[in-house]
Number of protein chains: 2
Amino acid sequence: MYLTQKSIYAIQALIFIALNNSGEFVPIREISNKLNIPFHFLTKILQVLSKQQIIETCRGPSGGVRLRQDPNQISIEQIILSIDGDRLFSECILKLPDCGNSKPCPLHDLFAPIREELQKMLSNTMLALLVKMVRDNQVKLTSVTQVQDFFPGQKQTKKPDHS
Amino acid sequence: MYLTQKSIYAIQALIFIALNNSGEFVPIREISNKLNIPFHFLTKILQVLSKQQIIETCRGPSGGVRLRQDPNQISIEQIILSIDGDRLFSECILKLPDCGNSKPCPLHDLFAPIREELQKMLSNTMLALLVKMVRDNQVKLTSVTQVQDFFPGQKQTKKPDHS
DNA sequence: TCGATTTCGGAGTCTTTTATCTTATTTGGC
DNA sequence: GCCAAATAAGATAAAAGACTCCGAAATCGA
């Protein structure tokens with residue numbers, strides 16, 4: 001309703017990448033498997049984040065992706081803007097093409113403060129905070145997974161990959 | 001981004017119907033023409049609003065639709081709920097199926113107050129208020145139309161209908 | 001250098017939402 | 001009773017969003 005599936009995947013993936021932020025590249029396939037995100041779809045999302053300088057990629061064996069910026073510097077707003085553009089923050093609620101302050105739609109003025117607050121919240125929320133919450137097990141990143149499952153415990157039940 | 005096209009059309013149509021709230025039935029074709037809403041699509045939306053007791057319909061010559069409730073009693077929230085259900089107010093931002101207060105998603109707690117405020121605003125905003133704003137020409141209902149155009153002024157340039 | 005592994009990028013498919021078409025059914029007036 | 005005007009409802013089509021496939025390019029290790 002608020003975010004596209006792309007943005008959702010982008011946020012989840014970046015949290016996962018930041019969790020493994022040891023300087024090594026995380027293979028996209030691993031992200032896809034652990035978070036249950038369709039592999040090829042994720043690939044394209046990460047390509048966008050790469051062009052936006054949020055992550056960097058490396059091909060070949062032991063390649064993958066890693067953060068290019070400090071997770072304390074990456075806001076959730078920035079992620080959403082990279083993937084969805086600014087529709088969430090600026091498009092008219094009733095989709096009137098020229099809705100603005102001079103001749104707004106009936107909901108414009110009522111909505112404006114709320115979406116402003118939303119944008120403020122998202123621009124003040126840094127990736128690092130969400131990562132901390134996941135790491136402390138206060139929140140979950142997927143419907144079934146616990147943090148422990150993200151890290152090389154032992155016998156990884158090999159799931160069929162989502163290619 | 002926030003509302004589906006159906007909800008948007010529903011809100012616009014109800015404002016238009018309330019503008020013509022003289023006790024007579026407003027033909028759906030007229031709403032469709034004046035607001036540039038696809039006729040058959042609008043028909044189905046209004047059928048839902050009819051089942052929800054928000055409007056009543058009448059077939060046959062000089063038939064159409066009219067409000068069943070006082071526009072002061074119809075909230076925008078109610079319209080959205082009728083058409084889209086409560087997804088806007090309750091569905092997890094990251095679409096985690098079991099995101100709740102016990103084990104939420106990373107954005108749950110940050111989003112909660114904002115969407116609560118959104119719901120409060122929409123439940124406090126009554127159709128009558130939006131109607132007044134349109135009537136007073138403070139806001140516009142479609143991208144091009146002025147209030148005067150809604151009422152039988154004179155030579156109506158007959159547009160091709162959107163069937 | 002070769003082969004395996006991984007991302008890149010273009011094209012194509014599937015699914016959901018939005019919109020259209022067609023055939024009833026109801027209603028009112030003559 | 002019949003015709004015209006309107007909504008009701010089901011089937012179909014188009015557009016957008018979500019997802020897949022495949023060949024190419026880069027990289028690493030043997």
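Protein chains get the first letters and strands the later ones, always in sequence-line order, with residue 1 at the start of each. Only heavy atoms go into these numbers, but all of them, side chains included; no hydrogens, no water, no symmetry mates.
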Under 3.5 Å, is there any donor-acceptor pair linking the side chain of H40(B) to the base of dT22(C)?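 For H40(B), whose side chain was compared with the base of dT22(C), there is a donor-acceptor pair (under 3.5 Å).
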Which is more 5' along DNA chain D, the nucleotide nearest S62(B) or the one nearest K44(B)? Just name the residue. S62(B)
Might you confirm whether atom CD of E117(A) has over 12 heavy atoms from other residues, nucleotides or ligands at distances under 6.0 Å? yes
How would you label the contact of K6(A) with the nucleic acid (heavy atoms, under 4.0 Å): base, sugar-phosphate, or nothing? nothing
Tell me whether K140(B) contacts the main-chain N or O of K103(A) through its side chain, where contact means a donor paired with an acceptor under 3.5 Å. yes
If only atom types and distance count, is the side chain of R87(B) paired as donor or acceptor with the main-chain N or O of C92(B) below 3.5 Å?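 Side chain of R87(B) to backbone of C92(B), a donor-acceptor pair under 3.5 Å: no, none is there.
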What is the distance, to the nearest angstrom, from the [atom1] atom on [X] to the [atom2] atom on [N]?
X      : N       : atom1 : atom2 : value
E91(A) : dA16(D) : CD    : P     : 13 Å
R29(A) : dT5(C)  : CZ    : C1'   : 11 Å
Q47(B) : dA9(D)  : CD    : P     : 5 Å
R87(A) : dA16(D) : CZ    : C1'   : 10 Å
L42(A) : dC8(C)  : CG    : P     : 11 Å
F25(A) : dC28(D) : CZ    : P     : 9 Å
I83(A) : dC19(D) : CD1   : P     : 14 Å
I45(B) : dT18(C) : CD1   : C1'   : 9 Å

Measure from the side chain of P61(B), starting at C-beta and using heavy atoms only, and say which of dT20(C), dT27(C), dT27(D) lies closest. dT27(C)
Select one nucleotide: of dC19(D), dT7(D), dC8(C), the one nearest the side-chain heavy atoms of P38(A). dC19(D)
Below 4.0 angstrom from OP1 or OP2 of dC8(C), is there any side-chain N or O of T57(A)? yes
Can you find a side chain N or O atom of Y9(A) that sits less than 4.0 Å from OP1 or OP2 on dA18(D)?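 Result: no.
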Show the nearest heavy-atom pair for residues S123(B) and K120(B), with the distance to one decimal.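 Result for this residue pair: OG-O, 3.0 Å.
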Run the numbers on Y2(A) and E91(B) for side-chain contact (heavy atoms from CB on, under 4.5 Å), then give the verdict. CA-CA 10 Å; Y2(A) 300 87; E91(B) 191 186 56; over 6 Å; no
